[in-house]
Amino acid sequence: MSELPRLMPSDPRMSRATVLRTTRTSPSFQRVTVGGPALDGFDWQGHDHWFRLFVPATPGAALVLPEVEGRSWWQAYLAIAEEQRPHCSNYTVADLRRTGTGTEIDLDVVLHVDGAGDLAGRVARWSVGATPGSPVALLDQGPMFDPPAGTRRVHLAADESGLPGVRGILRSLAPTAVGTAVLEVPTDGDVDHRLVHPAGVEVTWVSRGGHHGRPGAGALEVLESRTGPVDPRDYAFVVGESSLATGGRRHLRRLGLPASRITFSGFYKAAAHPQPVA
């Protein structure tokens, strides 16, 4: 998307927190729970509400953060000495709880291994090794999901990188909502049989079965084969690997859905096919 999401806060809040616990929830996902008094002011709006996650440059290092002025933070981030500059990645609020001891936020991290069989990705390695008390920070970015008033049906599609966001959208939709959702995951064990969604939204799971393959390709194939015709008053949300996002948008445009009613975002481009954790 070239434009900033309408629901992005104009003065986003940076909140420091600490790791409370980390748990494997399925073969390809690690859930990290963070908490702290600063999160009490996190204005969670449900749906695919996301944030920028900052973790220390190296395990055990202090967390040095950029100054945030309005929506500006990137230049201040780059100004931090490289050896101290924290790693920054984008994540969705998988769940948020207001407890008697403060606010807890869950984030779900996708786990892949590289060709050598090692866990790939800085946050993935952090997620499985983080210990209680490890520092983190969250920069609020708000939701992207923004259906216009009078939307008839919703059409959702995502691979594993977009699954936490679409899971949140399905949970937040009105019980009377109707539409479709295509969700692709690396292995059969990642299929969420307890997924909460309105009865009128048809959910299709696509599993790569642990096999080598381009993420998002299966979801795009199902989207192209099963979606249509659409009402011009429908709304679509397609996120994940860039080929899924752009291919899904082209397909929906061919079916007559106006560009203004399609939210799409390519979270990454798969130069090589990562393998799921066994």
Under 3.5 Å, side chain of Ser134 to main-chain N/O of Thr131, donor-acceptor pair present?
-> yes
Compute the ring centroids of His49 and Tyr91, then answer whether they are less than 6.0 Å apart.
-> no
Pair Asp140 + Arg13, salt bridge at N-O below 4.0 Å | no
What's the shortest heavy-atom distance between Ala158 and Ala219, and which atoms?
-> O-CB, 4.2 Å
Does the pair Arg167/Asp108 count as a salt bridge with the N-to-O cut at 4.0 Å?
-> yes
Could you state the interatomic distance from CD1 (Ile105) to CG (Asp95), rounded to the nearest 0.5 Å?
-> 9.5 Å
Asp190 versus Ser28, side-chain donor and acceptor atoms under 3.5 Å = yes
Check whether any side-chain N or O of Trp73 sits under 3.5 Å from a backbone N or O of Glu67 as a donor-acceptor pair, and report yes or no.
-> no
Test side-chain contact (heavy atoms from CB on, under 4.5 Å) on Arg261 and Arg253 and set out the steps.
-> CA-CA 10 Å; Arg261 303 183 77 92; Arg253 291 288 290 117; over 6 Å; no
Ignoring hydrogens and geometry, is there a side-chain-to-backbone donor-acceptor pair from Tyr235 to Ala149 under 3.5 Å?
-> no
Say you draw a straight line from NE2 of His251 to OG of Ser225; how long is it, rounded to the nearest 0.5 Å?
-> 8.0 Å
Check Pro12 against Val68 and note the closest heavy-atom contact, atom names and distance.
-> O-CG1, 4.0 Å
Could you go through the side-chain contact (heavy atoms from CB on, under 4.5 Å) check for Val185 and Val191 one step at a time?
-> CA-CA 7 Å; Val185 289; Val191 174; 3.9 Å; yes
Quick check: does any side chain N or O of Asp159 sit under 3.5 Å from a backbone N or O of Glu184, one acting as donor and the other as acceptor?
-> no
Under the side-chain contact (heavy atoms from CB on, under 4.5 Å) rule, what do Val136 and Trp126 come out as? Steps first, then yes or no, please.
-> CA-CA 11 Å; Val136 300; Trp126 167 84; 3.4 Å; yes
Heavy atoms of Arg24 and Phe29 approach each other most closely as CD-O, 3.1 Å
Taking atom CD of Glu221 as the centre, report whether more than 12 heavy atoms of other residues, nucleotides or ligands fall under 6.0 Å from it.
-> no
Heavy-atom nearest pair, Gly162 first then Val239, reads CA-CG2, 3.9 Å
May I have the step-by-step check of side chain to side chain donor-acceptor pair (under 3.5 Å) for Asp48 and Thr92, ending in yes or no?
-> CA-CA 6 Å; Asp48 66 320; Thr92 302; over 6 Å; no
dist Leu96:CG -> Leu39:CG (nearest 0.5 Å) comes out at 7.5 Å
Roughly how far, to the nearest 0.5 Å, is the CZ atom of Arg125 from the CG atom of Leu111?
-> 11.5 Å
Can you tell me if Thr101 and Thr99 form a side-chain donor-acceptor pair at under 3.5 Å?
-> yes
Closest heavy-atom pair, Thr18 versus Gly133, reported as atoms and distance to 0.1 Å, is CG2-O, 3.8 Å
For atom CD of Glu83, decide whether the heavy atoms of other residues, nucleotides or ligands shown that lie under 6.0 angstrom number more than 12.
-> yes
Least distance between heavy atoms, Val238 atom then Leu244 atom = CG1-O, 3.6 Å
Donor-acceptor pairs are to be reported for all side-chain atoms of residues 196-205 against protein atoms at under 3.5 Å, with residues two or more places apart or in another chain.
unit_1, atom_1, unit_2, atom_2, d
His197, ND1, Val201, O, 3.3
Thr204, OG1, Arg226, NH1, 3.4

Evaluate the criterion ring-ring contact (aromatic ring centres under 6.0 Å, His included) for residue pair Phe264 and Phe237; output intermediate values, then yes/no.
-> CA-CA 6 Å; Phe264 74 106; Phe237 183 89; over 10 Å; no
Ignoring hydrogens and angles, state whether a donor on the side chain of Gln30 or Thr25 is under 3.5 Å from an acceptor on the partner side chain.
-> no
So does Arg208 pair up with Glu160, basic N to acidic O under 4.0 Å?
-> yes
Could I get the full list of side chain to side chain contact (heavy atoms under 4.5 Å, CB included) partners for Thr33, not counting sequence neighbours?
-> Leu20, Arg21, Arg31, Arg97, Glu104, Asp106
Side-chain donor or acceptor of Asp234 paired with backbone N/O of Arg153 under 3.5 Å | yes
Quick one: does Ser172's side chain have a donor or acceptor within less than 3.5 Å of a partner on Gly168's backbone?
-> yes
Check residues 52-62 and write down every donor-acceptor pair under 3.5 Å in which the side-chain atom is one partner and the other belongs to a residue at least two apart or another chain.
unit_1, atom_1, unit_2, atom_2, d
Arg52, NE, Gln141, OE1, 3.3
Arg52, NH1, Asn90, OD1, 3.0

Spacing of CG belonging to Leu139 relative to SG belonging to Cys88, to within rounding of 0.5 Å = 7.5 Å
List the steps, then state whether side-chain contact (heavy atoms from CB on, under 4.5 Å) holds for Ser161 with Glu241.
-> CA-CA 8 Å; Ser161 67; Glu241 202 279 331; 6.0 Å; no
How many angstroms lie between CZ in Arg98 and OG1 in Thr103, if you round to the nearest 0.5 Å?
-> 4.0 Å
